[in-house]
Amino acid sequence: MSGSERSTEEKIARLRETLNEHLYRYHVLDAPTISDALYDGLYHELVALEAAHPSFVTPDSPTQRVGAKPLEAFPEVSHRVPMLSLGNAFSDDDIVAFDKRCRTSLGNANHGDIEYACEPKFDGLAISLTYERGIFVRGATRGDGAVGEDVTQNLRTVGSIPLRIATEAAVLEIRGEVLMQRRDFERLNARQAANGEKVFVNPRNAAAGSLRQLDPTLTAERPLSFFAYGIGATDGVELPSTHAASMDMLARLRFPVTAERAVVLGVDGLRQYFARIGAARPTLPFDIDGVVYKVNNLALQQQLGFVSRAPRFAIAHKFPAEEATTILEGIDVQVGRTGAVTPVARLKPVFVGGTTVSNATLHNEDELRRKDLKIGDTVIVRRAGDVIPEVASAVLAYRPVDAREFVMPTRCPKCDSAIIRLEGEAVARCTGGLFCPAQRKQALLHFAQRRAMDIEGLGDKLVDQIVEHNIVHTAADLYRLGLLALASLERMAEKSAQNLLDAIAQSKQTTLARFLFGLGIRHVGEATAKDLAKHFGNLDRLMAATGDELLEVHDVGPVVAQSIRQFFDQPHNCEVVAQLRACGIRWPEHAGVMASAASGAVGAVAAVELKGPFAGKTVVLTGTLATMSRDEAKEKLESVGAKVAGSVSKNTHFVIAGTEAGSKLDKAQALGVPVLSEAEFIVRLDNSETH
DNA sequence: TTACCTCGAGCTCA
DNA sequence: CTCGAGGTAA
């Protein structure tokens, strides 16, 4: 390398450092020390130098934040440590209970107060940032907790996310929230409006929408912020002993960490913190929907562990649900797939909790009476931390003289069949069965849905049309559709029609479980359908099964058994099933587990009969799992038919790697044995059949 | 329950 | 350009 090249490389490096420093001051410290114009000048100098010397470009250069090409789609990423959700608390009682639970579980009931780390709960999107040897390599959304979407390109454009951090850790995964600050949101909306583009309803939606852009240059134009609040997977790094110290560490690594965090003692400390943040809420630069409390000591956190999918050592204390008053303009009824007739509130649209609410379920008649709601009432609508809006109560003082009481219709508005409500049941039902177009539509929609027959393109508008036009009565009719029948429908020209027919034809090859689920037998959901398919293995045997035989199926009790029997006792249903099979619907059939159970086989034989990703497989555990102990993992694996071995060999089917995985992981990689992350492991466990 | 993005395709008007 | 469907997120 020549002397001048060396000096160019050094110059580029210096410039990079300078720019990164200014980005940090601007985005994280919120205290820039140079003007935007000066920054731009330096930035363009770097762009020019890098363009002339492409070999000196590094992944942490500020120029690498933008400019990536649009994606086709977001790839999936599985989280090595699952991204769990938090339990919610809404009242002081809930908090007292939380503290008590922690103290009892820690055997600490009579000792001092527990130390809690507190922070605001940002109203944004949870994401994970992975750094390998200090370089930002991957950013992902939470997804279902186990698998999220890879939005690395978009996250690179977020100025407050460092592209390189000063750590020796082989892997360091940071968890945090992407959000849009109020001021940025308002400015963005003003700009959008000025350009004649759509304005966003609230900062959270604006942030979510920005992150979902396939073209990162669009994301780069959106003023997103990031705040770190936790650490996920790590390799080769020693973590501090408390959460607060971890946050301090993140701050030293130059991640934005909220200034509102605090460490407090006991319930009183939690109360004071909640009051303080509640008071500060309107003046905060971003939206929050509560605060989060975590047991500060990480060792104690481990001791407390997890319940199902949420940690026991942390809780979200939500602010009271936002409320607004509006007019209850009417109450319609909705007829569901099972004929259940549900009253639905039609509200004068009102903006509450960040969205416009115009519909809300009223559940059933009793609920309505209890709340004493009349049509025409001024009502209080509430949108809690969760998603479902609720009509909380009527303001009786404003009740107009002509307010009308809701009466449950006695005849179905769609098919005029009688609506009856059985003794002791809360729901009223339309007795029209499949004669009722509303029920027929719902049944078809259910049949076609992804988790059932998966007929792509058959949505509710289309189902509406084919039912209204009397083109389709039963599911079997779908398989007899032709181009001609579809020609009369709206938005159904040749191409769409052919696509739909192709999708229908494709759905013929399916599984017994999907088919059973799709039939929409009451009390037979996805899980029960799987159980039934596994047990009988064959539809004819299931249809012929007596109530007692049905009771032998895992998780089937008298109610479910009776419902299945009833379904197949109706000649009409058997007829439709026969027609469907005649139309060419196919699934692999097998002997089921009945045969082996009847032959008196137990234990080992039953385990071999188990299906699923782990049945009959040899699995090796390595590293520390976040959500369960080694023993628990072993127990769970064995219950789904796996053999848990101690060391990796070529006969090992899977290695499950937690954090700090050691030589077993290396060996697995050397032998080419598939390695599962904890999250992938949990997902597969859920898909397994236990006995 | 609502809002957002993306895609394919239909519709409309030049 | 507009619509429906499908997916995601809280």
Side-chain angles (χ1 to χ4, degrees), chain A residues 70-77 83 85-86 88 121-127 140-145 147-151 154 177-180 185 188-189 192 196-216 218-219 222 287-290 316 318-319 321-322 324 334 342 344-347 349-363 381-391 445 448-451 454-466 486-500 502-503:
Chain A
L71 296 168
E72 288 285 306
F74 298 117
E76 287 189 345
V77 255
M83 290 182 83
S85 47
L86 289 180
N88 287 324
K121 187 174 192 309
F122 305 102
D123 192 10
L125 294 89
I127 56 151
T141 62
R142 199 180 86 93
D144 64 2
V147 176
E149 288 179 318
D150 186 331
V151 287
N154 287 341
E177 198 99 344
V178 163
L179 50 87
M180 197 175 285
F185 168 73
L188 172 66
N189 263 356
Q192 294 280 108
E197 295 185 57
K198 66 123 60 64
V199 295
F200 296 94
V201 259
N202 60 43
R204 209 197 69 74
N205 284 343
S210 305
L211 213 55
R212 295 204 55 73
Q213 298 285 347
L214 287 175
D215 182 354
L218 295 176
T219 310
R222 305 285 175 76
D287 287 349
I288 61 174
D289 57 0
K318 296 289 190 78
F319 292 130
E322 242 187 85
Q334 230 168 35
T342 328
V344 180
R346 302 295 176 207
L347 302 163
V350 59
F351 195 73
V352 51
T355 52
T356 309
V357 172
S358 38
N359 304 307
T361 174
L362 296 168
H363 302 107
V381 175
R382 200 189 296 162
R383 229 181 68 102
D386 52 8
V387 268
I388 318 286
E390 178 196 22
V391 178
L445 236 23
Q449 71 158 290
R450 204 151 77 104
R451 286 167 14 231
D454 193 17
I455 303 177
E456 205 181 311
L458 193 59
D460 54 4
K461 300 284 183 224
L462 204 48
V463 167
D464 261 3
Q465 290 194 63
I466 55 179
L486 294 172
S488 59
L489 305 180
E490 280 167 48
R491 288 208 147 252
M492 246 309 130
E494 220 164 301
K495 184 76 180 167
S496 302
Q498 193 54 54
N499 285 349
L500 178 64
D502 290 348

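Below, chains carry the letters A, B, ... as their sequence lines are ordered, and counting in each starts from 1. Given the structure is predicted, the values throughout are model-derived calculations rather than measurements.
- When heavy atoms are screened at a 4.0 angstrom cut-off, A:A73 is found touching no nucleic acid atom at all.
- Of the candidates B:dG10, C:dA10, C:dA5, the closest approach to any side-chain atom of A:K461 belongs to C:dA5.
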Solution key, residues 458-466 of chain A side-chain donor-acceptor pairs under 3.5 Å, sequence neighbours excluded:
from	atom 1	to	atom 2	distance (Å)
A:D464	OD1	A:K441	NZ	3.2
A:Q465	OE1	A:E490	N	2.9

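- The distance from atom CD of A:Q465 to atom P of B:dG10 is 13 Å, rounded to the nearest whole Å.
- Nearest heavy atom pair, residue A:V199 against residue A:Q192, reads CG1-CB, 4.4 Å.
- Side-chain atoms of A:N202 come within 3.5 Å of backbone N or O of A:G354 as a donor-acceptor pair.
- The pair A:E322-A:R383 fails the salt-bridge criterion, with no side-chain N (NZ, NE, NH1 or NH2) lying under 4.0 Å from an Asp/Glu carboxylate O.
- Within the 4.0 Å cut-off from OP1 or OP2 of B:dG8, not a single side-chain nitrogen or oxygen of A:S496 is found.
- Around the CD atom of A:Q498, the shell of radius 6.0 Å holds more than 12 heavy atoms that belong to other residues, nucleotides or ligands.
- Nearest to the side-chain atoms of A:N359 among the listed nucleotides B:dA9, B:dT2, C:dA5 stands B:dT2.
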Pairs under 3.5 angstrom, nitrogen or oxygen only, protein versus nucleotides 12-14 of chain B, please.
none

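- As rounded to whole Å, 11 Å separates atom P of B:dC7 from atom CG of A:D215.
- What separates CG of A:L462 from C1' of B:dA9 is a distance of 13 Å, to the nearest Å.
- Residue A:I466 contributes atom CD1, which lies 15 Å from atom P of C:dG4 at whole-angstrom precision.
- Atoms NE2 (A:H363) and P (B:dT1) sit 9 Å apart, rounded to a whole Å.
- Atom-to-atom distance recorded for A:Q213:CD and A:F74:CZ is 8.0 Å, nearest 0.5 angstrom.
- Residues A:D150 and A:L71 form no side-chain contact, since every pair of their non-hydrogen atoms from C-beta on lies 4.5 Å or further apart.
- Going from atom CZ of A:R142 over to atom C1' of C:dG7 covers 16 Å, rounded to whole Å.
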Any N/O pairs under 3.5 Å between the protein and nucleotides 3-5 of chain B? List them or say none.
from	atom 1	to	atom 2	distance (Å)
B:dA3	OP1	A:T356	N	3.3
B:dA3	OP1	A:T356	OG1	3.4
B:dA3	O3'	A:N205	ND2	3.3
B:dC4	OP1	A:V201	N	3.1
B:dC5	OP2	A:K198	NZ	3.4
B:dC5	O3'	A:R212	O	3.3

